[in-house]
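These notes are about the structure you will find just below.
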Amino acid sequence: MTLAPSCHLPLLLLLAVTGVAESSEEDRIIGGSEVLPYSVRFQASILYLNSHFCGGALIQPQWVASAAHCWRPNYLIQVVLSEHNINKVEGFEEVFNVSLIVRHYNYQSWTFDNDIMLLKLDRPATVSDRVEPVTWPDPNAPPLQDLARCTVSGWGVTSLYSYTLSPALRSVDVDVFANCWYYYYFKISDNMMCAGSLFGGKDSCQGDSGGPLVCNGRFEGIVSWGIGCAYAYYPGVYTRVRNYVGWMNWVIQSN
(Lines give C-alpha, C1' and ligand atoms only; values in the text may rest on other atoms or scores of the structure.)
Protein backbone atom coordinates (compact mmCIF):
# COMPACT_ATOMS: atom_id res chain seq x y z
CA MET A 1 0.00 0.00 0.00
CA THR A 2 1.11 3.53 -0.59
CA LEU A 3 2.21 5.61 2.37
CA ALA A 4 1.22 8.86 0.71
CA PRO A 5 -1.71 10.46 2.48
CA SER A 6 -4.99 9.69 0.79
CA CYS A 7 -7.16 12.58 1.84
CA HIS A 8 -10.76 11.98 2.79
CA LEU A 9 -11.88 13.94 -0.20
CA PRO A 10 -15.41 13.85 -1.55
CA LEU A 11 -15.95 10.79 -3.72
CA LEU A 12 -16.93 12.79 -6.82
CA LEU A 13 -13.77 14.89 -6.57
CA LEU A 14 -11.54 11.86 -6.20
CA LEU A 15 -13.07 10.23 -9.25
CA ALA A 16 -12.61 13.42 -11.24
CA VAL A 17 -8.99 13.91 -10.19
CA THR A 18 -7.68 10.35 -10.15
CA GLY A 19 -10.11 8.42 -12.31
CA VAL A 20 -10.51 5.90 -9.49
CA ALA A 21 -11.96 5.99 -6.02
CA GLU A 22 -8.78 6.39 -4.00
CA SER A 23 -9.44 5.30 -0.43
CA SER A 24 -9.85 8.23 1.88
CA GLU A 25 -10.00 7.90 5.64
CA GLU A 26 -12.66 10.46 6.17
CA ASP A 27 -15.07 9.70 3.40
CA ARG A 28 -17.12 6.61 4.33
CA ILE A 29 -18.23 4.39 7.18
CA ILE A 30 -16.55 0.97 7.30
CA GLY A 31 -17.31 -1.70 9.85
CA GLY A 32 -20.43 0.03 11.18
CA SER A 33 -24.15 -0.40 10.82
CA GLU A 34 -27.22 1.49 9.69
CA VAL A 35 -28.54 3.86 12.35
CA LEU A 36 -32.12 4.04 13.56
CA PRO A 37 -33.73 6.47 11.12
CA TYR A 38 -33.50 10.11 12.28
CA SER A 39 -31.69 9.16 15.49
CA VAL A 40 -28.60 11.24 14.59
CA ARG A 41 -30.60 14.46 14.64
CA PHE A 42 -27.67 16.78 13.94
CA GLN A 43 -26.38 14.88 10.88
CA ALA A 44 -26.36 16.88 7.65
CA SER A 45 -25.92 15.77 4.05
CA ILE A 46 -24.22 18.34 1.82
CA LEU A 47 -25.22 18.14 -1.83
CA TYR A 48 -23.09 19.29 -4.74
CA LEU A 49 -25.06 19.50 -7.99
CA ASN A 50 -27.87 17.57 -6.27
CA SER A 51 -25.71 14.63 -5.16
CA HIS A 52 -24.36 13.87 -1.68
CA PHE A 53 -20.64 14.54 -1.47
CA CYS A 54 -19.86 15.50 2.15
CA GLY A 55 -21.32 15.32 5.62
CA GLY A 56 -21.79 17.97 8.25
CA ALA A 57 -23.21 18.67 11.70
CA LEU A 58 -25.91 21.16 12.65
CA ILE A 59 -24.33 23.34 15.35
CA GLN A 60 -26.97 26.08 15.54
CA PRO A 61 -30.45 26.19 13.93
CA GLN A 62 -29.03 28.17 10.99
CA TRP A 63 -25.42 26.88 10.91
CA VAL A 64 -23.73 23.65 9.85
CA ALA A 65 -20.07 22.75 10.44
CA SER A 66 -18.13 20.69 7.91
CA ALA A 67 -14.58 20.24 6.59
CA ALA A 68 -12.96 23.12 4.72
CA HIS A 69 -11.79 20.72 2.02
CA CYS A 70 -15.49 20.15 1.18
CA TRP A 71 -15.80 23.76 0.01
CA ARG A 72 -17.78 24.51 -3.15
CA PRO A 73 -19.39 27.77 -4.29
CA ASN A 74 -22.48 28.28 -2.15
CA TYR A 75 -24.80 28.56 -5.17
CA LEU A 76 -23.86 25.01 -6.20
CA ILE A 77 -24.53 23.26 -2.89
CA GLN A 78 -27.48 22.52 -0.64
CA VAL A 79 -27.81 21.08 2.85
CA VAL A 80 -30.30 18.37 3.78
CA LEU A 81 -31.37 17.71 7.36
CA SER A 82 -33.70 14.98 8.61
CA GLU A 83 -32.24 12.67 5.96
CA HIS A 84 -31.86 8.91 6.21
CA ASN A 85 -31.83 7.28 2.77
CA ILE A 86 -30.16 9.59 0.25
CA ASN A 87 -31.62 7.62 -2.67
CA LYS A 88 -35.25 8.08 -1.64
CA VAL A 89 -37.62 10.91 -0.86
CA GLU A 90 -39.02 9.77 2.48
CA GLY A 91 -41.04 12.88 3.26
CA PHE A 92 -39.10 14.21 6.26
CA GLU A 93 -36.20 15.86 4.45
CA GLU A 94 -35.54 19.56 5.02
CA VAL A 95 -33.57 21.05 2.14
CA PHE A 96 -31.73 24.36 2.51
CA ASN A 97 -29.83 26.64 0.23
CA VAL A 98 -26.60 28.09 1.61
CA SER A 99 -26.37 31.86 1.99
CA LEU A 100 -22.79 32.05 3.30
CA ILE A 101 -19.75 29.81 3.62
CA VAL A 102 -16.89 30.70 5.97
CA ARG A 103 -13.74 28.61 5.72
CA HIS A 104 -11.25 28.96 8.53
CA TYR A 105 -8.95 31.84 7.72
CA ASN A 106 -5.86 29.68 8.27
CA TYR A 107 -6.96 26.53 6.46
CA GLN A 108 -4.01 24.90 4.68
CA SER A 109 -5.07 22.68 1.81
CA TRP A 110 -1.65 20.98 1.57
CA THR A 111 -1.61 19.85 5.22
CA PHE A 112 -5.34 19.91 6.06
CA ASP A 113 -4.58 21.99 9.13
CA ASN A 114 -7.62 24.00 10.30
CA ASP A 115 -9.88 21.83 8.13
CA ILE A 116 -13.18 23.40 9.19
CA MET A 117 -15.82 25.59 7.60
CA LEU A 118 -19.24 26.88 8.60
CA LEU A 119 -22.25 27.05 6.30
CA LYS A 120 -25.09 29.46 6.99
CA LEU A 121 -28.45 28.09 5.88
CA ASP A 122 -30.91 30.31 4.06
CA ARG A 123 -33.30 29.98 7.01
CA PRO A 124 -33.20 28.45 10.49
CA ALA A 125 -33.98 24.76 10.76
CA THR A 126 -37.03 23.79 12.77
CA VAL A 127 -35.85 21.87 15.84
CA SER A 128 -37.90 18.69 16.26
CA ASP A 129 -37.59 15.03 17.20
CA ARG A 130 -35.68 14.57 13.92
CA VAL A 131 -33.58 17.75 13.83
CA GLU A 132 -31.53 19.14 16.70
CA PRO A 133 -28.13 20.90 16.96
CA VAL A 134 -25.25 18.86 18.29
CA THR A 135 -23.79 19.61 21.74
CA TRP A 136 -20.58 21.61 21.42
CA PRO A 137 -17.37 20.44 23.07
CA ASP A 138 -16.00 22.12 26.19
CA PRO A 139 -12.68 23.75 25.23
CA ASN A 140 -11.62 23.70 28.90
CA ALA A 141 -12.36 20.02 29.48
CA PRO A 142 -9.49 17.57 30.04
CA PRO A 143 -8.16 15.95 26.84
CA LEU A 144 -9.95 12.84 25.68
CA GLN A 145 -8.33 9.75 27.12
CA ASP A 146 -6.50 7.24 24.94
CA LEU A 147 -9.00 4.71 23.54
CA ALA A 148 -11.98 6.86 24.55
CA ARG A 149 -15.00 5.60 22.61
CA CYS A 150 -16.51 7.89 19.97
CA THR A 151 -18.97 7.52 17.10
CA VAL A 152 -18.62 8.75 13.52
CA SER A 153 -21.53 8.77 11.06
CA GLY A 154 -22.11 9.32 7.36
CA TRP A 155 -23.21 7.98 3.99
CA GLY A 156 -19.74 7.09 2.77
CA VAL A 157 -18.68 3.90 1.06
CA THR A 158 -18.82 0.78 3.22
CA SER A 159 -15.83 -1.17 1.89
CA LEU A 160 -12.32 -0.22 0.94
CA TYR A 161 -12.63 -0.52 -2.84
CA SER A 162 -16.30 0.41 -3.19
CA TYR A 163 -17.27 3.31 -5.46
CA THR A 164 -20.85 3.43 -4.20
CA LEU A 165 -22.10 5.47 -1.28
CA SER A 166 -24.26 3.88 1.39
CA PRO A 167 -27.92 4.73 0.69
CA ALA A 168 -28.73 4.80 4.42
CA LEU A 169 -26.98 6.72 7.16
CA ARG A 170 -24.51 4.53 9.02
CA SER A 171 -22.29 4.91 12.06
CA VAL A 172 -19.39 3.09 13.67
CA ASP A 173 -17.79 3.27 17.09
CA VAL A 174 -14.11 4.15 17.01
CA ASP A 175 -11.45 4.74 19.65
CA VAL A 176 -9.38 7.86 20.17
CA PHE A 177 -5.64 7.40 19.61
CA ALA A 178 -4.03 9.95 21.90
CA ASN A 179 -0.59 9.42 20.32
CA CYS A 180 -1.70 10.43 16.84
CA TRP A 181 1.80 11.67 15.96
CA TYR A 182 3.08 8.09 16.23
CA TYR A 183 1.02 7.04 13.20
CA TYR A 184 1.48 10.18 11.11
CA TYR A 185 4.85 11.54 12.11
CA PHE A 186 5.38 15.20 11.13
CA LYS A 187 1.90 15.35 9.55
CA ILE A 188 -0.15 16.03 12.69
CA SER A 189 -0.83 19.43 14.24
CA ASP A 190 -2.45 20.27 17.56
CA ASN A 191 -5.64 20.96 15.60
CA MET A 192 -5.98 17.28 14.64
CA MET A 193 -6.98 14.13 16.47
CA CYS A 194 -7.01 10.45 15.49
CA ALA A 195 -9.68 7.82 15.97
CA GLY A 196 -10.09 4.31 14.62
CA SER A 197 -9.50 0.70 15.61
CA LEU A 198 -6.25 -0.82 16.82
CA PHE A 199 -6.74 -3.74 14.45
CA GLY A 200 -8.37 -1.84 11.60
CA GLY A 201 -11.76 -2.54 10.07
CA LYS A 202 -13.58 0.47 11.53
CA ASP A 203 -13.29 3.87 9.92
CA SER A 204 -14.81 6.67 7.91
CA CYS A 205 -14.06 6.88 4.19
CA GLN A 206 -15.11 8.45 0.83
CA GLY A 207 -18.38 10.31 1.28
CA ASP A 208 -17.99 10.80 5.04
CA SER A 209 -15.74 13.88 4.81
CA GLY A 210 -16.96 16.77 6.94
CA GLY A 211 -19.11 14.51 9.09
CA PRO A 212 -19.26 14.52 12.88
CA LEU A 213 -17.23 12.54 15.39
CA VAL A 214 -19.11 12.54 18.70
CA CYS A 215 -17.49 11.56 22.01
CA ASN A 216 -19.39 11.46 25.30
CA GLY A 217 -22.30 13.18 23.56
CA ARG A 218 -20.19 16.12 22.34
CA PHE A 219 -19.07 17.18 18.87
CA GLU A 220 -15.32 16.60 19.13
CA GLY A 221 -14.18 15.91 15.57
CA ILE A 222 -14.76 16.51 11.86
CA VAL A 223 -13.80 13.84 9.32
CA SER A 224 -10.73 15.25 7.60
CA TRP A 225 -8.07 12.91 6.14
CA GLY A 226 -6.01 9.74 6.54
CA ILE A 227 -4.14 6.99 4.72
CA GLY A 228 -6.47 4.48 3.15
CA CYS A 229 -9.61 3.45 5.01
CA ALA A 230 -9.84 1.17 8.03
CA TYR A 231 -6.19 0.11 7.87
CA ALA A 232 -4.58 -1.05 11.09
CA TYR A 233 -2.04 1.53 12.31
CA TYR A 234 -3.53 4.27 10.12
CA PRO A 235 -6.47 5.72 12.07
CA GLY A 236 -8.70 8.43 10.68
CA VAL A 237 -7.61 12.01 11.25
CA TYR A 238 -10.21 14.50 12.44
CA THR A 239 -10.28 18.25 12.95
CA ARG A 240 -10.21 18.87 16.71
CA VAL A 241 -13.43 20.87 17.13
CA ARG A 242 -12.78 22.07 20.68
CA ASN A 243 -9.95 24.22 19.31
CA TYR A 244 -12.48 26.20 17.26
CA VAL A 245 -15.26 26.96 19.73
CA GLY A 246 -14.20 30.61 19.98
CA TRP A 247 -13.88 30.94 16.21
CA MET A 248 -17.30 29.34 15.62
CA ASN A 249 -18.92 31.69 18.11
CA TRP A 250 -17.23 34.66 16.44
CA VAL A 251 -18.39 33.66 12.96
CA ILE A 252 -21.98 33.09 14.06
CA GLN A 253 -22.20 36.31 16.05
CA SER A 254 -20.61 38.32 13.22
CA ASN A 255 -22.99 37.05 10.55
Side-chain angles (χ1 to χ4, degrees), residues 5 7-9 24-27 40 42-44 46 54-60 62-71 100-120 133-154 174-196 203-204 208-227 234-255:
C7 306
H8 293 99
L9 297 177
S24 151
E25 179 88 20
E26 300 304 341
D27 294 288
V40 188
F42 47 82
Q43 180 78 45
I46 301 176
C54 271
L58 186 70
I59 58 171
Q60 292 284 339
Q62 202 167 354
W63 291 88
V64 166
S66 186
H69 78 257
C70 289
W71 181 88
L100 178 69
I101 300 177
V102 182
R103 279 190 292 185
H104 193 273
Y105 59 90
N106 205 22
Y107 167 60
Q108 298 176 0
S109 59
W110 57 96
T111 64
F112 292 89
D113 199 18
N114 302 299
D115 191 12
I116 183 173
M117 71 176 178
L118 301 186
L119 294 79
K120 186 177 184 180
V134 67
T135 301
W136 290 30
D138 179 357
N140 299 313
L144 293 170
Q145 296 295 311
D146 191 42
L147 300 183
R149 182 60 51 90
C150 303
T151 303
V152 60
S153 51
V174 291
D175 297 324
V176 170
F177 290 4
N179 55 340
C180 193
W181 61 269
Y182 176 81
Y183 303 96
Y184 296 105
Y185 197 49
F186 290 130
K187 299 180 185 297
I188 297 298
S189 79
D190 290 340
N191 298 315
M192 303 173 189
M193 60 182 290
C194 285
D203 202 359
S204 52
D208 293 323
S209 278
L213 178 76
V214 174
C215 312
N216 300 319
R218 294 182 180 272
F219 179 36
E220 294 283 358
I222 295 173
V223 176
S224 182
W225 66 278
I227 291 179
Y234 289 104
V237 184
Y238 297 77
T239 305
R240 192 185 298 272
V241 175
R242 64 172 63 184
N243 287 8
Y244 300 94
V245 169
W247 177 77
M248 294 192 299
N249 273 317
W250 177 81
V251 170
I252 292 171
Q253 293 168 10
S254 300
N255 294 280

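- Atoms CZ and CG, from Phe219 and Leu58 in turn, are 10.0 Å apart once rounded to the nearest 0.5 Å.
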Could you pull out every donor-acceptor pair under 3.5 Å between side chains of residues 110-117 and any protein atom, sequence neighbours left out?
residue : atom : partner : partner atom : Å
Thr111  : OG1  : Gln108  : OE1          : 3.0
Thr111  : OG1  : Asp113  : N            : 3.2
Asp113  : OD1  : Ser189  : OG           : 2.6
Asp113  : OD1  : Asn191  : ND2          : 3.1
Asn114  : OD1  : Asn191  : ND2          : 3.3
Asn114  : OD1  : Tyr244  : OH           : 2.7
Asn114  : ND2  : Asn106  : O            : 2.9
Asp115  : OD1  : Ala68   : N            : 2.8
Asp115  : OD1  : His69   : N            : 2.9
Asp115  : OD2  : His69   : ND1          : 2.8
Asp115  : OD2  : Ser224  : OG           : 2.6

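- Between Val64 and Ala44, the closest heavy-atom pair is CG1-CB, 4.1 Å.
- For residues 212-222, the set of pairs meeting the side chain to side chain donor-acceptor pair (under 3.5 Å) definition, not counting sequence neighbours, comprises Glu220-Arg242.
- Looking at heavy atoms from C-beta onward, Val214 lies out of side-chain contact with Val152 at the 4.5 angstrom threshold.
- Of the inter-residue distances, the one linking Ser66 atom OG with Trp71 atom CH2 reads 13.5 Å to the nearest 0.5 angstrom.
- Taking OH of Tyr183 as the start and CZ of Phe177 as the end, the distance is 5.0 Å to the nearest 0.5 Å.
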Exercise for the section: Given side-chain contact (heavy atoms from CB on, under 4.5 Å), test Cys150 with Val176 step by step and report yes or no. Expected result: CA-CA 7 Å; Cys150 303; Val176 170; 3.5 Å; yes
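- Val251 meets the side-chain contact (heavy atoms from CB on, under 4.5 Å) test with Trp63, Val102, Leu118, Trp247, Asn255; sequence neighbours excluded.
- Within a 6.0 Å sphere centred on CG of Asn179, other residues, nucleotides and ligands contribute more than 12 heavy atoms.
- Within the 4.5 Å cutoff, no side-chain heavy atoms of Leu100 are placed close to those of Leu119.
- Rounding to the nearest 0.5 angstrom, the gap separating the CE atom in Met193 from the CZ atom in Arg240 is 6.0 Å.
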Problem - Residues Thr151, Leu213; criterion side-chain contact (heavy atoms from CB on, under 4.5 Å); working and verdict - result: CA-CA 6 Å; Thr151 303; Leu213 178 76; over 6 Å; no
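- Nearest approach of Cys70 to Gly210, heavy atoms of both residues: SG-N, 4.2 Å.
- For the atom pair SG (Cys194) and OH (Tyr234), the distance works out to 12.0 Å, reported to the nearest 0.5 Å.
- In this structure, the salt bridge (Lys or Arg N to Asp or Glu O under 4.0 Å) partners of Asp175, at least two apart in sequence or on a different chain, are Arg149.
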Distance-only donor-acceptor pairs under 3.5 Å for side chains of residues 136-144, two or more places apart:
residue : atom : partner : partner atom : Å
Trp136  : NE1  : Ile59   : O            : 2.9
Asp138  : OD1  : Asn140  : N            : 2.9

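- Under the ring-ring contact (aromatic ring centres under 6.0 Å, His included) criterion, Phe42 pairs with no residue, sequence neighbours left out.
- Between Trp225 and Lys187, the closest side-chain pair of non-hydrogen atoms falls below 4.5 Å.
- For the pair Ser153/Pro212, a side-chain contact is recorded, criterion being any heavy-atom separation below 4.5 Å from C-beta on.
- Scanning all heavy atoms of the two residues, the minimum distance from Ala67 to Ile222 falls at N-CG2, 3.8 Å.
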